[in-house]
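All values below were derived from every heavy atom in this structure, side-chain atoms included, with hydrogens, water molecules and symmetry-related copies excluded. Keep in mind it's a predicted model, so treat the numbers as computed, not measured.
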Amino acid sequence: MVSRGTMGDKYRSFLDAENVKDVEWRFGAPPNYDVVNKLFEEGQTTIWPAGSLEDKVQNLVKTWEMEIFHKARLEDFKTLDPYKFTLSINGRKGLTMREIKEIKGAYNAMLQTQLPEHYRIYNPADESSESSHIVFTTAFPRGFALEILQVYTGPPVIVYKFRHWGFMEGPFKGQAPSGEKAEFHGIAIFELGEDSKIVKVELFYDRGELIGGLMMGEKTVGSSGETASSCPILRSTG
C-alpha cells in the first residue's frame with residue numbers, strides 16, 4: 001500500500017510538493033482538503049492508531065478517491081494500475097478507466113442507476129465531469145468526508161466497511177439547502193496487483209441514501225436545478 005509523503009495532506013499520499021508537480025490536474029490545480037479534513041476530524045467515530053491496518057487502508061482509499069476525481073492523465077496515477085483497473089458498483093460490470101472517461105467521470109460512474117429517467121433527481125446521463133463536480137461541491141461546501149469503519153481482510157484483497165457524510169449547506173438540483181447531514185454506508189473490495197497497485201474496486205451501497213439526504217430542503221421555486229460552484233477552481237472537495 002502507499003506511504004505518506006512529507007509536507008502534504010496528512011490523510012492522503014502524493015499531495016506533497018514533489019508529487020503534485022508535472023501532474024495534469026482535472027480542475028487546473030491540486031485539490032486542497034483542509035476544509036473536509038476538519039469535517040472528518042469533527043465527525044469521525046474512530047481514530048485508528050497510526051500505522052495500523054485500518055489507518056493504512058483509510059489512507060489508501062482517500063488517496064485513491066483523490067486521484068480518480070482529480071487526475072486527468074493515466075500516467076499520473078500512483079495508487080492504481082490504469083491499464084488493468086476496473087470499477088464496479090453494486091455488482092454491475094466493471095468499468096475500465098477508458099469507460100469511466102466515456103461516461104464523463106467518477107461521479108457518474110459511482111452514481112449509476114437503473115431508475116427510469118423521470119425518477120432520476122441526479123441523472124448521470126445529463127452530467128459532464130465538470131458539472132457533476134460543481135453539483136456536489138456546491139451542495140457540500142465543507143466537503144464529503146470518508147472514514148473506514150472496519151477492515152475485514154488485508155491486502156492483497158482488502159474488504160472494508162465505510163461511511164461517507166457531509167452537510168447540505170448549498171443547493172442541489174432545485175432543492176434549497178437544508179443544513180442537514182447526508183450520509184451513506186457501504187462495503188468495498190479492493191484488489192491489489194503484484195506491484196501493490198489497485199487493479200479492481202467493487203463498491204456496494206445504496207445510492208438512494210445519498211440522494212435522499214439531499215432532498216430534505218424545500219423545493220426552490222422556478223429553479224432549473226443549475227448551480228454555481230462555491231469555489232471557482234473547484235479545489236476544496238471531499
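Listed by chain and residue number, W25, K71, D76 satisfy the side chain to side chain contact (heavy atoms under 4.5 Å, CB included) test with V23 (two or more places apart in sequence, or in another chain). Remark: E191 engages no residue in a salt bridge (Lys or Arg N to Asp or Glu O under 4.0 Å) (not counting sequence neighbours). Listed by chain and number, the residues in a salt bridge (Lys or Arg N to Asp or Glu O under 4.0 Å) with K161 amount to none (sequence neighbours excluded). Shown here are the side-chain hydrogen bond (donor to acceptor under 3.5 Å, both in side chains) partners of K101, two or more places apart in sequence or in another chain: there are none. With sequence neighbours left out, the side-chain hydrogen bond (donor to acceptor under 3.5 Å, both in side chains) criterion links E209 to no other residue. For N37, the side-chain hydrogen bond (donor to acceptor under 3.5 Å, both in side chains) partners two or more places apart in sequence, or in a different chain, are D9, R12. By the side-chain hydrogen bond (donor to acceptor under 3.5 Å, both in side chains) test, Y122 pairs with N108, sequence neighbours left out. The side chain to side chain contact (heavy atoms under 4.5 Å, CB included) check on V159 picks up Y152, T153, V157, I187, I189, with sequence neighbours excluded. Applying the salt bridge (Lys or Arg N to Asp or Glu O under 4.0 Å) test to E183 and every residue at least two apart in sequence or in another chain returns R163, K181.
Scanning all heavy atoms of the two residues, the minimum distance from A106 to I100 falls at N-CG2, 4.1 Å. The two residues A188 and L203 make their nearest non-hydrogen contact at CB-CD2, 3.4 Å. Between P177 and G170, the shortest heavy-atom contact is CG-C, 3.4 Å. Here the closest heavy-atom approach between residue M97 and residue L80 is recorded as SD-CD1, 4.4 Å. Contact record, D22 with R73: O-NH2, 2.6 Å, taken as the closest heavy-atom pair. The minimum heavy-atom distance linking P141 with T138 is given by the pair CD-O, 3.5 Å.
Once rounded to the nearest 0.5 Å, the distance linking NE2 of H164 with CD of E65 reads 3.5 Å. Here CG of L39 is found 10.5 Å from CD of Q44. Values are rounded to the nearest 0.5 Å. For the atom pair S178 OG and M215 CE, the distance stands at 11.0 Å (nearest 0.5 Å). A distance of 4.5 Å separates OG1 of T113 from CZ of R207, quoted to the nearest 0.5 Å.
At a threshold of 4.5 Å between non-hydrogen side-chain atoms, the residues I103 and P124 do not count as touching. Looking at I89 and Y205, their side chains come closer than 4.5 Å, going by heavy atoms from C-beta outward. L214 is not listed as a side-chain neighbour of I121, based on a closest heavy-atom distance of 4.5 Å or more. With contacts defined as side-chain heavy-atom distances shorter than 4.5 Å, the pair V135/Y107 does not qualify. When side chains are defined from C-beta on, F40 counts as touching Y11, because their heavy atoms get closer than 4.5 Å. Using a 4.5 Å cut-off on side-chain heavy atoms (C-beta onward), K56 and N59 make no contact. F136 places a side-chain heavy atom less than 4.5 Å from the side chain of L111. In this structure, the side chains of N19 and L15 stay at 4.5 Å or more apart for every pair of heavy atoms.
Each of L149 and F190 belongs to its own hydrophobic cluster when Ile, Leu, Val, Met, Phe, Trp and Tyr are linked at side-chain heavy-atom distances under 4.5 angstrom. F85 and L74 fall within a single hydrophobic cluster, where Ile, Leu, Val, Met, Phe, Trp and Tyr are joined by side-chain heavy atoms under 4.5 Å apart, directly or via other members. A single hydrophobic cluster is seen to contain both F184 and V61, as judged by linkage of ILVMFWY side chains at heavy-atom distances under 4.5 Å, directly or through other members. A single hydrophobic cluster is not seen to contain both M216 and F167; linkage of ILVMFWY side chains at heavy-atom distances under 4.5 Å, directly or through other members, places them apart.
A donor-acceptor pair is defined here as one N or O able to donate and one able to accept, closer than 3.5 Å; such a pair exists between the side chain of D55 and the backbone of G51. With hydrogens and angles ignored, the 3.5 Å screen pairs no side-chain donor or acceptor of D81 with any backbone N or O of I198. For the pair W48 (side chain) and I148 (backbone), a donor-acceptor distance under 3.5 Å is present. For E202 (side chain) and S88 (main-chain N/O), no donor-acceptor pair under 3.5 Å exists by modelled atom type. Judged by distance alone, the side chain of S132 and the main-chain N or O of S129 form a donor-acceptor pair under 3.5 Å.
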**Prompt:** Yes or no on side-chain contact (heavy atoms from CB on, under 4.5 Å) for Q175 and E218, after CA distance, side-chain angles and deciding distance?
**Reply:** CA-CA 6 Å; Q175 300 291 135; E218 294 183 0; over 6 Å; no
**Message:** Determine whether T46 and E54 satisfy the following criterion, side-chain contact (heavy atoms from CB on, under 4.5 Å), listing intermediate values before the conclusion.
**Reply:** CA-CA 10 Å; T46 304; E54 292 83 0; over 6 Å; no
**Derivation and outcome, side-chain contact (heavy atoms from CB on, under 4.5 Å), residues F14 and T79** = CA-CA 9 Å; F14 310 126; T79 60; 4.1 Å; yes
**Test log, rule salt bridge (charged side-chain N to carboxylate O under 4.0 Å, His left out), inputs E67 and K78** = CA-CA 8 Å; E67 291 198 309; K78 297 180 182 295; over 6 Å; no
**Prompt:** Does the pair I158 and L60 meet the rule for a side-chain contact (heavy atoms from CB on, under 4.5 Å), with working shown?
**Reply:** CA-CA 11 Å; I158 303 168; L60 174 65; 3.9 Å; yes
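In the hydrophobic clustering (ILVMFWY side chains linked at under 4.5 Å, chained through shared members), V199 stands by itself.
More than 12 heavy-atom neighbours from other residues, nucleotides or ligands sit within 6.0 angstrom of CD on E75.
Pairs engaging residues 108-127 under the salt bridge (Lys or Arg N to Asp or Glu O under 4.0 Å) rule: E127-K173 [sequence neighbours left out]. The salt bridge (Lys or Arg N to Asp or Glu O under 4.0 Å) pairs that include a residue from residues 26-38 are K38-E42, where partners are two or more places apart or lie in different chains.
Between the side chains of T45 and E147, at least one donor N or O lies within less than 3.5 Å of an accepting N or O.
Here the two rings, on F172 and F140, have centers that are 6.0 Å apart or farther.
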